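As structure tokens, the structure follows; a few thoughts come after it.
Read the numbers this way: they start at 1 and go in the same order the structure lists the ligands and their atoms. Values in this document were obtained by computation on a predicted structure and should not be read as measured data. Numbers for residues simply follow the sequence, beginning at 1.
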Amino acid sequence: MAEYSGRIGVVGSNMIDLVTYTDRMPAPGETIEAPEFELGFGGKGANQAVAAARLGSAVSVVTCVGDDMFGHQQITNFKDNGIDTTHVHMIANKSSGVAPIFVEPSGENSILIIKGANGALTPAHVDGAAETLAACDAILMQLEVPLEVNYHTIAWAASKGIVTVLNPAPASTDLDVSRLAGLSFFCPNETELATLTGMPTATDDDITAAARHLIAQGIEQVVVTLGGRGARLVTQDKVEEIAPIKVTPVDTTGAGDAFIGSFAHFLASGTDAPDALRRAARYAAQTITRRGTQKSYLTAEEFAGV
Ligand code: RIB
């Protein structure tokens, strides 16, 4: 990226989050009462888009919603966040994606996803948005849409020299690493890294070796997220440690998406990758001190004040 337009494309998912705050998870066959419930906007793609937009990037999404009330609400939410909805497709006779989420007092979450219309996204939708995506500094992807869409987007963007970021979540053993050649940033956690490479990730050296194994297959840079130990950026010849930011967790839902969306924003603002990751770690940490998914994402003004 020699010049920056501050534009980001997100090719991916959107969901309605059905968030239950519970004191504990019920055992099989057990019914328990939970104290609180909240409905919110989520989905890994939409979350990443909203994080980048709240920080000030110009964001376009390529995504599918169902022809139900949630679909209309998603489009309104994108617009409310200043996101370009030209390439949001409403799919007939499909439900919108939904995600029942359970958050325990530790802030830890358990998530089920029902993809609904997200499963209808195709490479043709990406081709239809080519003009918009070609003007972006970075294109973000996740795994809540068909894998062919990601392979196609990566190959097309690489041919145009556009930076791409793939967050391989939720983890999928079907992901074919050989089809990620040309991807700029691959952002797995250490478990996903171990699953995808078949290599150990127990030590720092293991993690670096597994990341370099991916780089040898054509991925440019690997960002391994390490939970409470921060993150590590691995390139062909360098390793950068991204220190963890300590906060008291309230709700960790969507923190990973806040990290990716804000990373792309800082990158598209001309910040180099290690510094963009350090800022993203600070941004994501703030979101886990608040309840909700997109509800917990700060604007640029709010982030400047913390
Ligand atoms: O990463 C958090 C997100 O995962 C939630 O918003 C939920 O919708 C699922 O996609």
Side-chain angles (χ1 to χ4, degrees), residues 10-22 37-54 59 61-66 68-71 73-75 77-78 80-81 83 88 94-104 106-121 140-147 149-150 165-172 175 187-189 191-192 223 225 227 231 249-264 280-281 283-298:
V10 176
V11 175
S13 62
N14 66 87
M15 306 266 171
I16 292 291
D17 287 352
L18 313 163
V19 190
T20 299
Y21 293 92
T22 183
F37 171 82
E38 280 185 26
L39 201 60
F41 293 101
K44 295 180 193 301
N47 294 345
Q48 293 170 14
V50 167
R54 292 215 178 135
V59 180
V61 288
V62 183
T63 193
C64 291
V65 297
D68 51 17
M69 71 176 182
F70 288 154
Q73 289 170 357
Q74 282 288 1
I75 293 171
N77 180 58
F78 283 132
D80 288 348
N81 281 283
I83 293 169
V88 178
K94 278 276 178 196
S95 73
S96 289
V98 293
I101 299 177
F102 300 89
V103 181
E104 295 181 70
S106 63
E108 203 50 68
N109 63 64
S110 308
I111 304 179
L112 275 168
I113 59 164
I114 298 97
K115 284 184 183 169
N118 291 295
L121 192 68
L140 310 187
M141 291 158 284
Q142 328 73 35
L143 300 189
E144 290 178 331
V145 297
L147 293 175
V149 174
N150 291 323
V165 180
L166 176 64
N167 174 210
S172 169
L175 186 66
C187 309
N189 61 30
T191 311
E192 291 156 354
V223 178
T225 53
V250 171
D251 182 353
T252 55
T253 315
D257 304 326
F259 179 73
I260 301 289
S262 61
F263 168 56
Y283 183 83
Q286 283 304 317
T287 71
I288 72 172
T289 65
R290 302 165 172 209
R291 273 192 172 191
T293 312
Q294 293 177 22
K295 278 179 194 159
S296 69
Y297 293 0
L298 286 71

Return the set of residues passing side-chain hydrogen bond (donor to acceptor under 3.5 Å, both in side chains) with Thr225 (not counting sequence neighbours), or none when no residue passes. none

For Asp257 and Gln142, test the side chains for any donor-to-acceptor distance below 3.5 angstrom and give the result as yes or no. no

Backbone N or O of Arg291 within a donor-acceptor pair of the Ser296 side chain at under 3.5 Å? no

Any non-hydrogen side-chain atom of Asn47 less than 4.5 Å from a side-chain atom of Tyr297? yes

Identify every side-chain donor-acceptor pair in residues 95-104 under 3.5 Å, counting partners at least two apart or on other chains, and give the distances.
from  : atom 1 : to    : atom 2 : distance (Å)
Ser96 : OG     : Gly66 : N      : 3.0
Ser96 : OG     : Asp68 : OD1    : 2.7
Ser96 : OG     : Gly71 : N      : 3.1

Starting from the N and O atoms of ligand 1, find every protein N or O within less than 3.5 Å and list the pair with its distance.
from     : atom 1 : to     : atom 2 : distance (Å)
ligand 1 : 1 (O)  : Lys44  : NZ     : 2.8
ligand 1 : 1 (O)  : Asp257 : OD2    : 2.6
ligand 1 : 4 (O)  : Lys44  : NZ     : 3.1
ligand 1 : 6 (O)  : Asp17  : OD1    : 3.3
ligand 1 : 6 (O)  : Asp17  : OD2    : 2.7
ligand 1 : 6 (O)  : Gly43  : N      : 3.1
ligand 1 : 6 (O)  : Asn47  : ND2    : 3.0
ligand 1 : 8 (O)  : Asp17  : OD1    : 2.5
ligand 1 : 8 (O)  : Gly43  : N      : 2.9
ligand 1 : 10 (O) : Glu144 : OE1    : 3.3
ligand 1 : 10 (O) : Glu144 : OE2    : 2.6

Residues passing the side-chain hydrogen bond (donor to acceptor under 3.5 Å, both in side chains) test with Asp251, sequence neighbours excluded, are Tyr21, Thr253

